[in-house]
Q: 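Structure below; questions to follow.
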Amino acid sequence: MEVRPSVGRGVQQHVSRRAAFTLIELLVVISIISVLVGLLLPALASVRAQSRRVKCMANLHGWGVGFQLYYNDFKETLPYVLPFYDIGPAGIPPPPPDDSNRVGIVELMDGYMDVPAPHYDANNVLQVYEPYLCPSDKDADAGRATGLSYQYWPGGLMLLRELFRDERHPERTVTRFYEQTPDFPFMVDARPWHPGGPKYDQNALYFGDWHTDWLYIDPADSGSPRP
């Protein structure tokens with residue numbers, strides 16, 4: 001009787017050896033994954049940044065809707081308040097308003113916005129909600145400290161009119177200016193939080209149709225035009 005050599009064990013050992021990765025194969029796989037991650041991370045970061053900018057623009061548009069309601073209620077006149085509204089140190093109420101700054105922009109527009117105004121909670125922690133806070137606002141001296149990530153440029157123009165033109169009702173003059181110059185920025189990011197702008201890395205809200213777009217005027221010159 002002829003005895004044939006058994007090959008099962010050898011084949012099994014051969015298959016077992018082929019089922020495992022060699023060191024070189026593992027290094028190649030790791031290298032490929034590293035290259036893919038390196039290519040994808042910048043793209044993901046760009047997508048996240050664009051998403052934050054879109055949300056910021058939506059916040060600004062929400063302010064535009066609120067301003068339009070105010071404009072309709074007060075005989076087509078914009079509110080006269082300072083560009084920024086600082087609600088003061090934790091637990092301390094803001095000072096009484098005077099004739100030149102009746103109330104802050106956040107306090108004034110509270111009734112025209114869909115969410116609660118920024119306020120301090122029981123632990124003296126400032127609570128800020130959208131649309132008051134830009135998603136990219138991480139600055140301790142901007143929205144997270146003042147309760148608002150955006151500057152109200154008409155307030156700066158009104159203050160200049162009052163100081164240098166001695167006007168008792170500069171809100172009327174500035175309102176007419178915006179009606180005639182709707183492409184002048186109305187509300188603007190307080191800081192350059194959105195890299196990639198054609199001129200400045202900030203979003204802006206524009207009067208009239210309340211559309212949002214990139215800022216195109218130097219923020220340092222926001223008070224230079226004289227309506």
Side-chain angles (χ1 to χ4, degrees), residues 42 45-71 78-86 101 104-106 108-109 112-113 115 118 128-161 163-164 170-171 173-227:
S46 177
V47 169
R48 291 195 185 103
Q50 180 62 21
S51 176
R52 288 192 294 268
R53 179 174 181 254
V54 169
K55 184 58 182 176
C56 177
M57 294 169 70
N59 289 348
L60 284 169
H61 182 71
W63 277 95
V65 173
F67 281 118
Q68 184 63 50
L69 294 174
Y70 182 98
Y71 181 80
L78 297 172
Y80 180 17
V81 291
L82 292 180
F84 251 135
Y85 172 48
D86 189 342
N101 187 28
I105 187 66
V106 171
L108 180 69
M109 296 299 292
Y112 295 93
M113 308 303 286
V115 296
V128 187
Y129 310 96
E130 298 176 352
Y132 300 94
L133 187 66
C134 171
S136 296
D137 180 0
K138 308 299 181 183
D139 296 340
D141 61 342
R144 297 185 181 277
T146 64
L148 183 62
S149 294
Y150 309 105
Q151 290 179 321
Y152 175 61
W153 280 19
L157 297 178
M158 293 175 195
L159 181 62
L160 290 175
R161 297 291 298 190
L163 293 177
F164 297 106
E171 66 273 15
T173 304
V174 173
T175 298
R176 303 291 87 81
F177 165 74
Y178 271 100
E179 290 173 343
Q180 298 169 14
T181 318
D183 59 341
F184 190 79
F186 188 89
M187 205 168 190
V188 180
D189 286 335
R191 301 283 188 277
W193 289 311
H194 305 287
K199 195 165 185 181
Y200 303 104
D201 298 333
Q202 292 167 261
N203 288 328
L205 173 72
Y206 294 90
F207 180 81
D209 61 358
W210 305 111
H211 74 279
T212 57
D213 204 341
W214 290 107
L215 175 67
Y216 64 92
I217 293 178
D218 188 347
D221 296 334
S222 60
S224 59
R226 298 293 191 270

Q: Applying ring-ring contact (aromatic ring centres under 6.0 Å, His included) between Y152 and each of F67, Y178, Y80, W63, report the one that passes.
A: F67

Q: Which residues satisfy the ring pair (Phe, Tyr, Trp, His ring centres under 6.0 Å) test with W210, sequence neighbours excluded?
A: F186, F207

Q: Output, in order, the C-alpha distance, side-chain angles, deciding distance and verdict of side chain to side chain contact (heavy atoms under 4.5 Å, CB included) for T212 and Y206.
A: CA-CA 6 Å; T212 57; Y206 294 90; over 6 Å; no

Q: Could you work out, with ring pair (Phe, Tyr, Trp, His ring centres under 6.0 Å) as the rule, every residue matching Y129, not counting sequence neighbours?
A: H119

Q: Quick one: are V106 and Y132 in side-chain contact, heavy atoms under 4.5 Å?
A: yes

Q: State, with a plain yes or no, whether a side-chain heavy atom of Y71 is found less than 4.5 Å away from one of E179.
A: yes

Q: Quick one: list whatever passes salt bridge (Lys or Arg N to Asp or Glu O under 4.0 Å) with K138, sequence neighbours left out.
A: none

Q: Less than 4.5 Å apart, side chain to side chain, heavy atoms only: is that true for D213 and N203?
A: no

Q: Which residues pass the side chain to side chain contact (heavy atoms under 4.5 Å, CB included) test with S51, sequence neighbours left out?
A: none

Q: For the pair R52 and W193, evaluate side chain to side chain contact (heavy atoms under 4.5 Å, CB included) and give the outcome as yes or no after the intermediate values.
A: CA-CA 9 Å; R52 288 192 294 268; W193 289 311; over 6 Å; no

Q: Does any part of the side chain of P118, heavy atoms only, come nearer than 4.5 Å to the side chain of L148, both counted from C-beta?
A: no

Q: State the CG-CG distance between L205 and N59, to the nearest 0.5 angstrom.
A: 11.0 Å

Q: Within 45° of the six-membered ring axis of W214 and under 6.0 Å from that ring's centre, is NZ or CZ of R53 located there?
A: yes

Q: Roughly how far, to the nearest 0.5 Å, is CG of D189 from CD of Q151?
A: 9.0 Å

Q: Assess whether a salt bridge exists between R161 and E171, defined as any Lys/Arg side-chain N lying under 4.0 Å from an Asp/Glu carboxylate O.
A: no

Q: Looking at L78, is its backbone amide N or carbonyl O close enough to the side chain of T175 to form a donor-acceptor pair, meaning the two atoms are under 3.5 Å apart?
A: yes

Q: Check whether any side-chain heavy atom of F184 sits under 4.5 Å from a side-chain heavy atom of I217, and report yes or no.
A: yes

Q: Donor-acceptor pair, distance only, cut-off 3.5 Å: does the side chain of D137 make one with the backbone of L133?
A: no

Q: State which residues pass ring pair (Phe, Tyr, Trp, His ring centres under 6.0 Å) with Y112; sequence neighbours excluded, sorted by chain then number.
A: Y70

Q: Whether the Y216 and Q202 side chains hold a donor-acceptor pair (N or O, under 3.5 Å, no angle test) is what I'd like checked.
A: no

Q: What pairs with H61 under ring pair (Phe, Tyr, Trp, His ring centres under 6.0 Å), at least two apart in sequence or on another chain?
A: none

